[in-house]
Amino acid sequence: MTVKTTVTWNAMLAGYSRKPGKLTEAQKLFDQIPEKDTVSYNIMLAGYVQNSDMETVWSFFNSMPSKDIASWNTMISGFAQKGAMAKARELFLAMPEKNSVTWSAMISGYVECGALELAEEFFEFAAVKSVVAWTAMINGYMKFGKIEKAERLFKEMPVKNLVTWNAMIAGYVENCRAEDGLKIFRIMLRYGIRPNHSSLSSVLLGCSELSALQLGKLVHQLVCKSLLRDDTTACTSLISMYCKCGVLDDAWKLFLETKSKDIVSWNAMISGYAQHGAGEKALHLFEEMRGEGIKPDWITFVAVLLACNHAGLVDIGVRYFDSMVKDYGVEPRPDHYTCMVDLLGRAGKLVEAVDLIKKMPFKPHSAIFGTLLGACRIHKNLELAEFAAQNLRNLDPQSAAGYVQLANVYAATNKWDHVARVRRSMKDNKVVKTPGYSWIEIKNSVHEFRSGDRVHPELASIHEKLNELEKKMKLAGYVPDLESALHDVGEEQKEQLLLWHSEKLAIAFGLIVVPYGTPIRVFKNLRVCGDCHRAIKYISAIERREIIVRDTVRFHHFMGGCCSCGDYW
């Protein structure tokens, strides 16, 4: 260019100052500008904020011949982003003039560093509240579980943007209210607001939690019609959603179609196979990933150990665990130890599992003892069950798991006086057990069932179907597993209690309404009981239906009287 104005120089400077690692070049260019203006200084100041320490930034700020409101805002934002809110406040108070950006920077900074009360104070006194400030407060309320306050602000907001809607969707999902998150996503679409990657990731996570397959497929269509169709992160979120909704074939198809796979994509698919009990496929995919030159991370090894666990591959699992540090430089975390305790415990190697806990390089967390307790229940080891339960209660006194699992072990060995004692202890300590429930999605509507359900409108038809199934199952050789009825009552009453377990009610409803040839997908918030597992095998053969059940442990694919877990779960 033969003629360069200050605007020209500033355009080049902005390019260099924003690019990580180009600060030195930006400084050289800045020094060459013949007639620097305030914009030149502000661009350089923003470059220092992004790519340098705040001492250098402060020194440059003080050297500036003139400062405008943007200069002050850049400094306040810089200190806020680095969590130095005392310094940001000092500048805020010294600032001659403030605008909406200033207030937004302070409010966002306090939210990010967890000082919600100070954020509220600034928001209340803000002379001008921008959409950024409103959204920052919604984020803050959701972050601290104050959902009602977030909802109130959302309703009061004069103007909302996509980031605001995303904050509400993500907030609901993160606070275990995925159903509300999906509802607000549908409202957003009705308003004609186009979702972005952040919206779709949150919605897909919500679909995974609720196993809302139909909405997940709708999101898949939105991704295909948008610029995100080749986006690796969007494709990975879809893979994860299909895996968690029990549609492994669609997940695999999408994995193959993903052009650029990163470590997260591979982890999602390996983890999917692991959750569905396809251990050998998961391990084969892991080796294929290594062959592609992709280095596994700690999440990969959680998936690999989970795959070995669900397939009962104890020796291979131990080998992979030992190779983590030696061959890959990945330090074992609590999640890896939990997988190993589960792997050894399920296989009946309870002493080895306890030895591993004692050798852990950090203090065991509650999940470790919860896992050990679950293994003790399977193998009816009272002594170790009491040891695990005591440790679990010490670490998490309000968790019902330690009490419930121990009561289950006592019930399985007919020690009903011990069961009563555990239940009294729960009552005395005000510990509340999470109620078991199952759900099934029919035509975009989720139907929820609890054991002994008395509220579903189709209950009469469901009971009729279950009674019919019970007769056919018994003719085929089914004998109820009365150990799964954890109540000190007569055998006939136990059988009735078992017949009305939530997963059986959901499956019976599915048999009534789901067209023949379509898999019945049922989801449960607790581990499926032994009797239900046995009964569903018979039901799948009698009705000639594929039944897929996801519990807290894994997926079970029932077909022709068999389960994909091979009765090892």
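Along the sequence shown, residues carry numbers from 1. Just so it is clear, the structure is predicted and the values come from calculations on it, not from any experiment.
Taking the centre of each ring, Trp103 and Phe123 stay at or above the 6.0 Å mark. Centroid-to-centroid, the aromatic rings of His220 and Tyr242 come within less than 6.0 Å. Phe60 has its ring centre less than 6.0 Å from the ring centre of Phe30.
A donor and an acceptor atom, one from each side chain of Thr5 and Thr8, are located under 3.5 Å apart. Checking Asp180 against Asn175 by side-chain atom types alone, no donor-acceptor pair falls below 3.5 Å. Between the side chains of Asp335 and Thr338, no donor-acceptor pair is found at a separation under 3.5 Å. For the residue pair Thr258/Ser265, the side-chain donor-acceptor check at 3.5 Å is not satisfied.
Atom CD of Glu288 has more than 12 heavy atoms from other residues, nucleotides or ligands within 6.0 Å. Heavy atoms of other residues, nucleotides or ligands lying less than 6.0 angstrom from CD of Glu257 number more than 12. The environment of Tyr16 atom OH is sparse: at most 12 non-hydrogen atoms of other residues, nucleotides or ligands sit within 6.0 angstrom. Atom CZ of Arg18 sits in a sparse spot, with 12 or fewer heavy atoms from other residues, nucleotides or ligands closer than 6.0 Å. More than 12 heavy atoms of other residues, nucleotides or ligands shown are found within 6.0 angstrom of CD on Gln398. Annotation: Glu148, atom CD; neighbour count of heavy atoms from other residues, nucleotides and ligands within 6.0 Å does not exceed 12.
Taking CD of Glu458 as the reference point, atom NZ of Lys465 lies at 14.0 Å (rounded to 0.5 Å). Atoms CE and CZ, from Met85 and Phe92 in turn, are 9.5 Å apart once rounded to the nearest 0.5 Å. Taken to the nearest 0.5 Å, the NE2 atom of His310 stands 8.5 Å off from the NE2 atom of His556.
In terms of the salt bridge (Lys or Arg N to Asp or Glu O under 4.0 Å) criterion, residue partners of Arg290 (sequence neighbours excluded) are, by chain and number, Glu287. In terms of the salt bridge (Lys or Arg N to Asp or Glu O under 4.0 Å) criterion, residue partners of Lys149 (sequence neighbours excluded) are, by chain and number, Glu120.
The shortest non-hydrogen separation linking Asn51 to Leu23 is O-CD2, 3.8 Å. Residues Ser202 and Val173 share a closest heavy-atom pair of O-CG2, 3.6 Å. Closest heavy-atom contact between Ile239 and Ala251: O-CB, 3.7 Å. The two residues Leu305 and Cys339 have their closest heavy-atom pair at CB-CB, 3.8 Å. Contact detail for Ile69 and Lys98: the closest heavy-atom pair is CD1-C, 3.7 Å.
Results of the ring-ring contact (aromatic ring centres under 6.0 Å, His included) test with Phe449 over Tyr437, Phe523, Phe509 single out Phe509 as the only residue that passes.
Using the six-membered ring where Trp is involved, Phe255 and Trp266 have ring planes that are perpendicular, over 60° apart on the 30 and 60° scheme. Ring pair Phe555/His557 is tilted by interplanar angle, where 30° to 60° counts as tilted. Between His336 and Trp298, the angle of the ring planes goes over 60°, which puts this pair in the perpendicular group of the 30/60° scheme.
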Would you sort out whether Gln81 and Ser77 count as a side chain to side chain contact (heavy atoms under 4.5 Å, CB included), showing the intermediate values? CA-CA 6 Å; Gln81 284 164 17; Ser77 295; 4.1 Å; yes
Apply the test side chain to side chain contact (heavy atoms under 4.5 Å, CB included) to residues Arg545 and Ile507: give CA-CA distance (whole Å), side-chain angles for both, the deciding distance (0.1 Å), then the verdict. CA-CA 11 Å; Arg545 299 291 294 265; Ile507 288 167; over 6 Å; no
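Taking the charged nitrogens against the carboxylate oxygens, Lys129 and Glu156 have no contact shorter than 4.0 Å, which rules out a salt bridge. Contact check on Lys217 versus Glu441 returns no salt bridge, with no Lys/Arg side-chain nitrogen under 4.0 Å from an Asp/Glu carboxylate oxygen.
Judged by the 6.0 Å and 45° rule, Lys67 forms no cation-pi pair with Tyr41. Relative to the ring axis of Trp252, Lys281 does not place its NZ or CZ within 45° and under 6.0 Å from the centre.
For residues 173-200, every residue pair satisfying the ring-ring contact (aromatic ring centres under 6.0 Å, His included) rule, not counting sequence neighbours, is listed here: Trp165-Tyr191.
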